[in-house]
Amino acid sequence: MKILVTGGAGFIGSHTVVELHNAGFEPVIIDNFNNSKITALDGLRAIIGHDVRCYQADCNDVAALEGIFKTENIEGVIHFAAHKAVGESVAQPLSYYYNNLNSTVLLLELMEKYGIENFVFSSSCTVYGEPDALPVTEATPRKAATSPYGNTKQICEDIIRDHVRATPSLKAIALRYFNPIGAHQSAQIGELPLGVPSNLVPFITQTAAGWREKLTIFGNDYNTPDGTNVRDYIHVVDLAKAHVQALRLLQKQTTGQYYDVFNVGTGRGNTVLEVVKAFEKVSGQPLNYEIGARRSGDVEQIFASADKVNNIMEWTAQKTLEESLADAWRWQLTLKK
């Protein structure tokens, strides 16, 4: 079964390509390399043992997209390609609305045109906004998003749900990620943000490696155990495997017009300071950090109930926070500034 993976050279996308291959699927990548490096393809080759077909193109380029659909016998799509930084979305909302919404609509249109039935969407726990109760379940009401990025994920989910209702053959799942961290155990692929990282763990590893002078923790006056934000940190390989399980669940559906959402998290929350201390423990590296002001768009705390994904998709996170941070550090040590 050939699967188109948009953003397949990125952090989560590249690890999912590996797990698709391991599970017997044939991944095909489209990536514009705006927030990834083409060297990820070398890492994939080293892990998989052969090249993965990759198209360098933008998912908002309808001609390029249609060319892939005409050339490849695609049977499913996993859609990762999106702008994804909360802070940047606050500063550049139009860019986020255009890129994230338009690419999703174009993919759905072409899937309908070419009779492709299986769609897995990269959503986010940001759709819950600032939740009233924890852990959040899939039945937790979606509140007003705290950032344009989160709002694009809410709107895309609505687009997919409505399109499924109108398309007899379509089957779709939205996976609401929590906070992916870590790297492949081979250290051949990992998180490689271009420019200044917007996520915590690559900023930690780059600071420990001397790439950054210090880590800034955005606020220590939240209503949490140590005043810093709480998140549900999940190893990227565990998350990648959830996409394989999502495809398998779609394959089991005997009819179309199937749509569901799943939280993909560990079911546990850790504060930023807990992550810092855990990293210092597994790496043996003291970390230079300071406390700064709160960052616009950040939710105080959020972590998942993973009961639904455990029971229906038969998926459970396997790796610990410490294992995730050790893998992230091993990956960082392979990189050149």
Side-chain angles (χ1 to χ4, degrees), residues 11 35 83-92 124-126 128-131 134-136 145-150 177-183 190-236 239 265-304 319-333 335 337:
F11 177 40
N35 196 37
H83 295 335
K84 63 182 182 63
V86 168
E88 184 182 64
S89 78
V90 174
Q92 302 176 30
S124 166
C125 64
T126 56
Y128 296 113
E130 189 78 63
L134 294 168
V136 293
T146 58
S147 69
Y149 165 71
Y177 308 162
F178 281 68
N179 286 67
I181 60 172
E191 189 165 9
L192 191 60
L194 303 184
V196 179
S198 59
N199 294 334
L200 174 63
V201 170
F203 214 112
I204 286 175
T205 60
Q206 288 187 13
T207 301
W211 291 22
R212 307 286 167 192
E213 180 185 356
K214 59 188 172 184
L215 167 73
T216 299
I217 295 174
F218 297 107
N220 67 344
D221 57 349
Y222 289 101
N223 184 27
T224 63
D226 58 28
T228 62
N229 300 96
V230 171
R231 296 290 184 269
D232 186 337
Y233 295 94
I234 176 175
H235 197 293
V236 66
L239 177 56
T266 67
R268 300 180 301 276
N270 291 98
T271 69
V272 173
L273 279 175
E274 285 172 342
V275 175
V276 167
K277 298 304 179 185
F279 174 80
E280 290 180 327
K281 179 181 177 181
V282 301
S283 69
Q285 299 289 318
L287 202 64
N288 183 26
Y289 66 89
E290 66 176 9
I291 305 298
R294 293 188 182 192
R295 183 171 58 179
S296 177
D298 275 349
V299 169
E300 180 173 275
Q301 55 181 322
I302 190 166
F303 57 93
K319 294 181 179 288
T320 66
L321 176 65
E322 289 75 16
E323 288 173 316
S324 303
L325 293 169
D327 285 343
W329 181 232
R330 190 181 306 112
W331 161 249
Q332 176 67 53
L333 293 176
L335 301 177
K337 188 173 179 181

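Heads up: numbering here begins at 1 and tracks the sequence.
With V276 as the fixed residue, the side-chain contact (heavy atoms from CB on, under 4.5 Å) test singles out one of L215, T271, T207: L215. Among the candidates T228, T224, V230, the single residue satisfying the side-chain contact (heavy atoms from CB on, under 4.5 Å) test with E300 is T224.
Annotation: side chain of R212 is in contact with side chain of P197 (closest heavy-atom distance under 4.5 Å). A heavy-atom distance below 4.5 Å is not found between the side chains of V90 and R295. Side-chain contact check for V236 versus E191: every heavy-atom pair is 4.5 Å or farther apart. Considering only heavy atoms from C-beta on, Y233 stays 4.5 Å or farther from L325 through its side chain. Counting heavy atoms from C-beta on, the side chains of D327 and W331 never come closer than 4.5 Å. Between K84 and S124, every side-chain heavy-atom pair lies at or beyond the 4.5 Å cut-off. Side-chain contact check for T266 versus H235: every heavy-atom pair is 4.5 Å or farther apart. For the pair Y128/I302, a side-chain contact is recorded, criterion being any heavy-atom separation below 4.5 Å from C-beta on.
In this structure, Q301 contributes its side chain and N223 its backbone to a donor-acceptor pair below 3.5 Å. At least one donor-acceptor pair closer than 3.5 Å links the side chain of D232 to the backbone N or O of A304. Looking only at distances, no side-chain donor or acceptor of R330 sits under 3.5 Å from a matching main-chain atom of A183.
Closest heavy-atom contact between P193 and Q206: CG-NE2, 4.1 Å. Closest approach of S296 to V86, counting heavy atoms only: O-CG1, 4.2 Å. Across V299 and P131, no two heavy atoms sit closer than the pair CG1-CD, 4.1 Å.
Atom CD of E290 sits in a crowded spot, with more than 12 heavy atoms from other residues, nucleotides or ligands closer than 6.0 Å.
Applying the side chain to side chain donor-acceptor pair (under 3.5 Å) test to residues at least two apart or on different chains, the pairs with a partner in residues 276-288 are K277-Y289.
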Next item on the list: Go through the steps to decide whether W329 and I204 satisfy the test side-chain contact (heavy atoms from CB on, under 4.5 Å), and finish with yes or no.
Entry: CA-CA 9 Å; W329 181 232; I204 286 175; over 6 Å; no
Check: Hey, mind stepping through F11 and N199 against side-chain contact (heavy atoms from CB on, under 4.5 Å) and telling me if it holds?
Finding: CA-CA 12 Å; F11 177 40; N199 294 334; 5.8 Å; no
Item checked: Intermediate values then yes/no, side-chain contact (heavy atoms from CB on, under 4.5 Å), D226 and V272 -> CA-CA 9 Å; D226 58 28; V272 173; over 6 Å; no
Margin query: Set out, in order, the CA-CA distance, both residues' side-chain angles and the distance that settles side-chain contact (heavy atoms from CB on, under 4.5 Å) for I181 and K319, then state yes or no.
Written below: CA-CA 11 Å; I181 60 172; K319 294 181 179 288; over 6 Å; no
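For N229, the side-chain hydrogen bond (donor to acceptor under 3.5 Å, both in side chains) criterion is met by no residue, not counting sequence neighbours.
Here CD1 of I291 is found 5.5 Å from CG of L273. Values are rounded to the nearest 0.5 Å. Within the model, atoms CD1 of I217 and CZ of F203 stand 11.0 Å from one another, a figure rounded to the nearest 0.5 Å. Atom CD of E88 sits about 8.0 Å away from atom CG of N35, to the nearest 0.5 Å. How far CD of Q332 is from OG1 of T205: 4.0 Å, rounded to the nearest 0.5 Å. Between F218 atom CZ and L200 atom CG the span is 9.5 Å, to the nearest 0.5 Å.
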